[in-house]
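Every chain is numbered from 1, with letters handed out A, B, ... down the list of sequences.
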Amino acid sequence: MNLMERILVCVAWPYADGPVHLGHIMGAYLPADIFRRFNKMMGNEVLMVSGSDEHGTPITIQAEKENVHPSVISEKYHRINEEIFRRMFIDFDIYSRTSSEKHKKVVRDFLIQLNENGYIYEGTMISPYCPRCKRFLPDRYVEGTCPHCGYPKARGDQCDNCGRTLDPQELINPHCRICGTTPEFRETRHLFFRLSKLENGLREWVRSNTHWRINVKNYTERFIEGGLKDRPITRDIEWGIDVPFPGYENKRIYVWFEAVIGYLSATIAYSEMINNEKLWETYWKDENSKHYYFIGKDNIPFHTIIWPGMLMAHGDLNLPYDVPANEYLILKGMKFSKSAAHGIFMPEMLEKYDPDMIRFYSSMNMPENHDTEFSWNDFYSIINTELIDKYGNFINRVLKFVHNRYGSVPPALEFDDEDYNAIKNITRTGEEMAMYLSKVEIKNAIKSFMNLVSYGNMYFDRAAPWDLCRKDEKKCQTKLHISLMLVKALSIYGYPFIPETSRRVWRMLGYIDPIEKYGWKEAINPMEPYSIGEPSILFKKLEIKEEYEWNRLDIRVGRIIEVNDHPNAERLYLLRIKIGNEFRNIVAGLKAHYRPEELLNRNILILYNLEEAKIRDYVSQGMLLAADDGKNVSILVPEEAEDGERILFNNSETNPERKISIKEFQKIRIEIGKIMGIEEDNVIVQGKMLYKIKNEMVKGKTEGNIVLAFSNNKPFVMHTKNGLVRPIRDVEPGAKIR
RNA sequence: AGCGGGGUAGGGUAGCCUGGAAAUCCCGACGGGCUCAUAACCCGUAGAUCAGUGGUUCAAAUCCACUCCCCGCUACCA
């Protein structure tokens, strides 16, 4: 533990097709940076590398859409992400990119080496070729029926239903996802990586890594038990790295093979950048160097099997020491996703909040063991109470008191038991945090940190210097000295999590040399007699603004003017709807519940800002709202309203800026309530539970079913200008709207 | 409906893999203290049949089986 260690911190390479979001930050980049800073403070030699992953089909697709060269896309997001990391104080020693010449060269050399070692062979592959699109299709462009589970929409690379990885040829009834044509399976030559040969070696190596997180280890072992297959490492596409063998001029190296080599190429590039060209070898060849890979859970097999396999095949290079993969961040019940534009994206987050606030919250809530829900309430609450009230206020009250009373650090003269205890606490916290952080247990570490904050507040309270200083000057000075030591310790111990704040506190304590120069161990040393200036407030409290969830909904009254059967779906109708001056087509799954004449000319409710969707070949421009209690289904109708009118909540019109996805809509709780009785100014409503609602919300109505939309679990009644919204048939109270 | 993940005080969580006395922490509620501090801080109290049932065991929140409920992905939900 006390010997200096050399650590390479490898962080997943973000795919350059969009800005990173909070899930990426919490899952990989922040823990990596915390780990890096901690190790620096321990005096270890640390290097942190990452970069943009720029090749591959998704970027090509994006480029085709925008009608630009793929490099334009990757260049844009490379810059954006680099800037995000800089602002978040996630300080890579080098943030490289896979389009760099250095990377390309290292990749080619790597491939040549693997070939020399007998791990590469040429094989022919039967690949799907679409005669209509005139090209070989990437695996995920082919769809068909899964041979294992019979799922009809399995993709060529894997089946989403049973999770098995597939080859496009295995699919039953394959077709091109773009044009629907049945692809021909043509022969094409490709290079293969002999992963199968490494199966035993990998299995043993994985088994020997007893310090890995259980989920990582279990997952990896199960994956290996499934058998390791050789993998093609070239593809018939244009955007990518050239293959260094003749006959492969029109092919490129597969991204999965090439991007992981970035960890190595970036280290080499860094060595050259600082004119220390042999430096990379100390990291990659000296067996005492430890490599940590910070990634999300979707990346586990690549970093615990494939990349180690490639390294074994290459020989002479260090394998990963630990792969502390994190789980997903969930927003409103749905995982963050770049492609679905679902989540909190960093550019927007950084506009509003101090980076250290984001770092602090993220550390407290890191998805280390489970998928973790993000909510703004949680964010505000943790920032305001833990970071600002407990931590910020402690720093502030101590510094302000010392500043006002003495203006400099008072000497420690007389120690009592509690004072010794305080110093013991500082020491113990440092050891405990070091123990956690060296195992990359961020949440435990910051919890330990917060315990010291609480202790500090308690110590200061018990010491009561505002009183003591009048009675016993010497003792009071000691108490203040130790309080300042606590502040100092918090500055040092907090540094990995909230570096900028720690630096500010450090300067307030009078230190000139940077905190990094002192390191972890300095926390237990007494204070220097510096002068203490007027402390500045570390953070302003966040104002909590209430957001109504139903503000995302734009619901309008529509009149059904046509009802037709869906030609190839048993349960669907095609409806023509008039909404004021506008007409829309809606697909509705009501055939089992309503006859056409029951629907025709009815005023109903349309979710107006729902994203369009194709259902069985017909586009649905919105959704007809109906209540469903599991047995009965009822459409919802407005009382006394014209088509085109908007549905109101809490007497206000909603005005969402964006379209809403079906998933988001389903997250918003809307249910049927039955008016049970009246009690003074309130109405008692039975929904899924019993609610008390203000009388005016139901416009004086005293009976019947109503529709409740919830925000923060508080019910609001859906209504129109002149009346309420009601289900036309009787359904159970609590029935959901869909 | 198929697959995956869960159910621990009013809310949010820790603990579960590796069973062991009083189940962790934060918010909220209630009572008290303090007045240095960003209406912050400190102390105390109440509040949990650890989803249910059955089993294994000297001992179960923890292991096993079944049931119920929630969430996600998928789908002729829209």
[atom1] spacing across the pair [N] / [M], given as an integer number of angstrom:
N	M	atom1	value
C34(B)	G15(B)	C1'	35 Å
G10(B)	C66(B)	P	30 Å
C58(B)	C73(B)	P	45 Å
C71(B)	A60(B)	C1'	26 Å
A9(B)	U24(B)	C1'	13 Å
G20(B)	A61(B)	P	10 Å
A48(B)	A23(B)	C1'	9 Å
A65(B)	C42(B)	C1'	49 Å

Give none if [N] has no partner; otherwise give the nucleotide forming a Watson-Crick or G-U wobble pair with it, both distances under 3.5 Å.
N	result
C36(B)	none
G4(B)	C71(B)
U49(B)	none
C76(B)	none

Return the value, rounded to whole Å, for the distance between atom [atom1] of [X] and atom [atom2] of [N].
X	N	atom1	atom2	result
Ile395(A)	A40(B)	CD1	P	18 Å
His403(A)	A37(B)	NE2	P	12 Å
Met450(A)	C26(B)	CE	P	9 Å
Lys447(A)	G12(B)	NZ	C1'	12 Å

| Listed nucleotide nearest any side-chain atom of Asn457(A), set C43(B), C41(B), U38(B) | C41(B)

| request: Would you please confirm or rule out a distance under 4.0 Å between OP1 or OP2 of C27(B) and any side-chain N or O of Lys390(A)? | output: yes

| message | Please tell me if Lys541(A) has a side-chain N or O lying less than 4.0 Å from either OP1 or OP2 of A39(B). | response | no

| query | Want to settle it: does Asn451(A) or Val587(A) sit nearer the 5' end of RNA chain B, counting the closest nucleotide to each? | reply | Asn451(A)

| said: Quiz question: going by heavy-atom distance under 3.5 Å, is there a donor-acceptor pair between the base of A37(B) and the side chain of Asn393(A)? | reply: yes

| For Trp466(A) and C36(B), is the gap between ring centres under 5.5 Å while the planes differ by less than 30°? | yes

| request: Starting from the C-alpha separation in whole Å, work towards a yes-or-no answer on ring pair (Phe, Tyr, Trp, His ring centres under 6.0 Å) for Phe360(A) and Tyr391(A). | output: CA-CA 11 Å; Phe360(A) 183 85; Tyr391(A) 166 83; 7.2 Å; no

| said: Taking any heavy-atom pair under 4.0 Å as a contact, classify Ile537(A): base, sugar-phosphate, or nothing. | reply: base

| message | Please classify the nucleic acid contact of Phe460(A) as base, sugar-phosphate, or nothing, using heavy-atom distances under 4.0 Å. | response | base

| query | Partners of Lys488(A) by salt bridge (charged side-chain N to carboxylate O under 4.0 Å, His left out), sequence neighbours excluded? | reply | Glu522(A)

| query | Are Arg584(A) and Tyr608(A) in a cation-pi setup, meaning NZ or CZ lies under 6.0 angstrom from the ring centre and within 45 degrees of the ring axis? | reply | yes

